[in-house]
Amino acid sequence: MKLEVVLQEAKKSFFSGTTRALRYTIVFAAVLILGCFYDLLTVSKIVNDANAYISSGSSTYIISDAGKISGKKCELLNNLNGVQAALAVRAEKNKLNLIALPSAPVPVYSVSHSAYKMFLNSAPANQGVYISNTLANTLNLTVNSKLSTPGKTANISGIYSWPSDGRRPGYDYAIVSPTIDNDVFDECWVKSWPTLNKIGDVLKTTIIDGRSSSEESDNNSSSVQSSNVANPNQANGANGGVAGSSAKDTSNIFQLNTTNGFDFSGLDDYNNRTTQNIFFIILLISVFIGFAAIIIRRIEFASAMHAGVKKTKVLLQVLAESALWIVPSVIITLPIVFYFAIFESDGDILSFVNIAFRIIVSGVFGALLGVVLAALSVREKSLFKYFKGR
Amino acid sequence: MKVLLEKVAHSFDEKTFLFKDLNYDLLPNRTYALVGPSGSGKSTLLSIIAKWLEPAAGDVKYQNIDKINWVFQNPHGVANRTVLDHVCLPLLAQGNTERSAQRQAKEFLELFGLLNIADSLFKELSGGEAQRLMLARGIASKPNLLLVDEPTAQLDTKTAISVSDRLTHLADKGAIVVIATHDEHTRDACTDVIDLVNWAV
Ligand SMILES: Nc1ncnc2c1ncn2[C@@H]1O[C@H](COP(=O)(O)OP(=O)(O)O)[C@@H](O)[C@H]1O
Ligand SMILES: [Mg+2]
């Protein structure tokens, strides 16, 4: 059988619909596209997880040392790279008796001026206090409503939400009241991303009498060295989350939300996502598709061999036919994948393109392998068996 | 050119034998009617003669047989390919150009009364047409040994007679033809009869 006759047969198979090229183009393109999107989705899932981790308060660390936190020093931490909010907090001893709610006094927290970065989405338009949304709902208050106590009246400049997602309770029904920074507080909160290296040491710089942050530290002066604040990442040692250990040190460091762990594991996931798994899975699926496309026609090919067509010619014919759905699948996949890589990808475009390229290569190789394996497995002498097995 | 069946026996369960000690020489220019009741092992013996199935005992020997064709009882074809395509394939495989293959194919179609539906698709054929098509294709592959399983099962008497005629004529061109059949006309058209009852166990 001449080569042009083989190609002619492939062409007739294609145009008669025997190849089912449209079906396999759709299926195979879907596999390739999904394979590429799997990577895209993995990245965006990691980004979402990171956002959830941050907004739940897991990346917010608190140093607590009643009456010993400098509001000014705490506010200074807002200048560090990666810090999203640094605020000093003081729980007021006396709860507030609201006129509208005489039976249930409300806790009040005085905070330094950057507190809005923690509690609100944006800087408040007006001066005033922030109240939790549960309190706002109970009293039917909105931004710019007035909050009245027997003694005075305060403007409400913001309403914050404090979901019970494992974060520290006590703020879900409370008033947060900005006060002057140059004051003494109980706590300094630092929300950062990525979480500051040596966050514990960074936080300890806000303690007023400047005790050393740890025993190894050679900084035992009473003032905090500015280099310690400016370059926290250069310091060695463990992350925060440990209680102060020296006898004089009464400070305590903890996460605002401890339920999600110290570390966000997604970062490792991101770096390790180029595992061989996805390539291998795509390869297997493609082998399966290529194999299936040919093996369901085994009677046709065994019969052709029985009619005298050599197996090598059958192999050539099925390769030519398969090219007629493999190539269009790749042609469909490329623009879609590159569109998303350029316009929708959250991650690094080059690494995505690199992975997409390898996924497509695995897929094409797998499909061809499946086609070849199927064609080689068809035996003329099994024709009768295939036939009875229908 | 010869096929020698030597003490051939077969059993699917190694206990009950369909036939045993079957000795037979199949010769060119002859047409053998392979008869026996349904289930007596006609199709099984065909697959043994084709060497697609190893007999439980005995031997099948070929002398100068290089091309076998077996036309099954149930026709199988490619649904969306034409009648002409089906018969052209063995001719193309023999190295003919498309034009020459088509010319010869039409002769085979003519022989089985299929020329008028040469452009029909396989899926459009009746059972009898499909069966005749497979015969035409089998003959077009120009075998030395042609095995045919129940060729007239799906044909009306008149067509059946003409088909057995065609098959027996093939033997005149030097082939060995073995036809498993129930049909009296077919049997009568053959030169020899192999009745499996003679070797049944
Ligand atoms: N592959 C097989 N495995 C087991 N039994 C089989 C197989 N093929 C055929 N048989 C049995 O062998 C017997 C003969 O079958 P077959 O050769 O098709 O008979 P015939 O063609 O004469 O009707 C039947 O009883 C059938 O069920
Ligand atoms: Mg049978």
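Chain naming here is simple, since letters A, B, ... match the order of the sequence lines and numbering starts at 1 in each.
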Donor-acceptor contact below 3.5 Å, side chain R298(A) vs main chain I295(A): yes

Region of S13(A) that comes under 4.5 Å of a non-hydrogen atom in chain B: both

Largest heavy-atom contact set with chain B, pairs under 4.5 Å, which of K2(A), E300(A), K12(A): K12(A)

Most chain B-contacting option - heavy-atom pairs closer than 4.5 Å, from G17(A), G308(A), S382(A), A307(A): A307(A)

Pick from A50(B), A93(B), C88(B) with the largest number of heavy-atom pairs that fall under 4.5 Å of chain A: A93(B)

Residues S58(A) and N260(A): side-chain donor-acceptor under 3.5 angstrom: yes

Point-to-point distance, once rounded to the nearest 0.5 Å, from CD1 of I176(B) to CG of L26(B): 6.0 Å

Minimum heavy-atom distance between A56(B) and S11(B), given as atom pair plus value: CB-N, 3.9 Å

Closest-packed option against chain A by number of heavy-atom pairs under 4.5 Å, given L53(B), N96(B), I68(B), N69(B): N69(B)

Under 4.5 Å from a heavy atom of chain B, the part of E4(A) involved: neither

Rounded distance [0.5 Å steps], CG in D165(A) versus CG in N257(A): 5.5 Å

Which of K142(B), R137(B), R81(B) touches chain A most, by non-hydrogen pairs under 4.5 Å: R81(B)

Proximal component of V5(A), with respect to chain B [non-hydrogen, under 4.5 Å]: side chain

Value rounded to 0.5 Å, distance of CE in M305(A) from CD in E380(A): 6.0 Å

